[in-house]
There are 2 protein chains.
Amino acid sequence: MRSLGKKVELLRIIAHPIRINILEELITGVKCVSDFEEFLDISQPNVSQHLALLRRYGVIDYYMDGRLRCYFLRDPIIPDIIKILKKDYMGELPAPACCPVTKKGKYPGERRR
Amino acid sequence: MRSLGKKVELLRIIAHPIRINILEELITGVKCVSDFEEFLDISQPNVSQHLALLRRYGVIDYYMDGRLRCYFLRDPIIPDIIKILKKDYMGELPAPACCPVTKKGKYPGERRR
DNA sequence: TGCAAACATTATTATATTTGAATATAAAAG
DNA sequence: CTTTTATATTCAAATATAATAATGTTTGCA
């Protein structure tokens with residue numbers, strides 16, 4: 001199974017607005033490069049560069065249809081990540097219970113700032 | 001609610017091996033800076049830099065305990081992301097069903113390579 | 001009051017990422 | 001075979017990120 005390190009690396013690869021946009025679209029189905037050009041407001045070479053990066057890390061792959069390259073999702077972690085990015089999180093995590101222990105000390109002291 | 005763009009930005013911030021390591025530890029409870037120094041094999045200033053970055057983006061916060069800073073998790077998206085990073089994904093997503101349609105064409109053509 | 005512990009900040013350097021421009025390739029059409 | 005369409009690759013410039021080294025700040029305590 002894939003190491004945590006590899007998954008963090010993958011996270012770095014997909015943590016880019018355009019690439020997330022690409023992956024969101026691919027979740028809805030197969031798309032070719034010129035499809036992406038339509039709704040991503042960037043040049044064709046730049047689309048290809050982002051696709052190449054995602055391919056290099058095994059996130060996506062493609063089929064050929066004549067001279068079209070039909071891209072699709074390959075890495076099963078992607079839908080889970082996109083789902084979390086679309087989930088609504090409100091508020092903050094609860095402050096830790098009173099007096100938890102670190103290696104060096106206990107608190108409460110003062111709230112910061 | 002937080003925009004998708006902001007969440008992608010957050011993803012970029014946490015997509016670093018050391019910061020993921022820090023967040024993993026914080027899920028188990030409160031930790032002070034010297035606690036981190038023990039198991040992260042990096043200098044104290046570097047620990048502080050990573051913590052400062054996570055703080056700046058609201059991912060973590062801290063309480064004071066004398067001269068210790070007791071860090072804890074603040075952003076509720078973090079546990080969900082860590083959970084996915086630890087989940088075991090095997091194989092690949094199923095190839096798209098026969099003959100899906102892009103704006104420009106249909107396939108099947110040939111499988112790549 | 002003065003010192004040491006715990007932590008933060010700044011500046012510098014090294015390296016990686018992103019984009020745009022130019023060019024290349026491969027397949028289909030003519 | 002030549003042209004066109006669809007897409008990829010390469011290179012260079014601009015920018016961002018990461019680590020290290022040096023220094024600063026705050027708090028508790030002798």
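Residue numbers start from 1 in every chain, and the chains themselves are labelled A, B, ... in the order their sequence lines are given, proteins ahead of strands. Just so it is clear, the values below take in all heavy atoms, side chains as well, and ignore hydrogens, waters and symmetry mates. The shown structure was predicted, so the numbers you read here are calculated from the model rather than taken from an experiment.
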Inset, instruction - For A/Lys86 and B/Leu4, indicate whether the former's side chain and the latter's backbone hold a donor-acceptor pair under 3.5 Å. - result: no

Legend entry - Residue pair B/Asp80 / A/Tyr89, side-chain donor-acceptor N/O under 3.5 Å: yes

Legend entry - Lys/Arg N to Asp/Glu carboxylate O, B/Arg55 vs B/Asp61, below 4.0 Å: no

Inset, instruction - State whether the side chain of B/Asn46 and the backbone N or O of B/Ser43 hold a donor-acceptor pair below 3.5 Å, judged by distance alone. - result: no

Inset, instruction - Please report, rounded to the nearest Å, how far the P atom of D/dA8 is from the CG atom of A/Leu54. - result: 12 Å

Inset, instruction - Considering only heavy atoms of chain B and a distance under 4.0 Å, specify the first and last nucleotide of DNA chain C in 5' to 3' order that meet this criterion. - result: C/dA4 to C/dA11

Legend entry - A/Arg69 vs D/dA6: side-chain N/O to OP1/OP2 distance below 4.0 Å: no

Inset, instruction - State yes or no: are the ring centers of A/Tyr62 and A/Phe72 separated by less than 6.0 Å? - result: no

Inset, instruction - Examine the side chains of B/Lys104 and A/Ser34 and answer whether a donor and an acceptor come within less than 3.5 Å of each other. - result: yes

Find every protein N or O atom lying less than 3.5 Å from an N or O atom of nucleotides 19-28 of chain D, and list the pairs.
| unit_1 | atom_1 | unit_2 | atom_2 | d |
| --- | --- | --- | --- | --- |
| D/dA19 | OP2 | B/His50 | NE2 | 3.1 |
| D/dT20 | O4 | B/Gln49 | NE2 | 2.7 |

Inset, instruction - Have a look at B/Phe36 and say if it touches a base, only the backbone sugar-phosphate, or nothing, with a 4.0 Å heavy-atom cut-off. - result: nothing

Legend entry - Rounded distance in Å - CD1 (A/Ile13) to C1' (D/dT17): 14 Å

Inset, instruction - Would you indicate what B/Ser34 reaches in the nucleic acid, counting non-hydrogen atoms under 4.0 angstrom: base, sugar-phosphate, or nothing? - result: sugar-phosphate

Inset, instruction - Kindly compute the distance separating CD1 (B/Ile82) from CD1 (B/Ile27), expressed to the nearest 0.5 Å. - result: 4.5 Å

Inset, instruction - Only one of A/Leu10, A/Ile78, A/Ile22 passes side-chain contact (heavy atoms from CB on, under 4.5 Å) with A/Leu54; say which it is. - result: A/Ile22

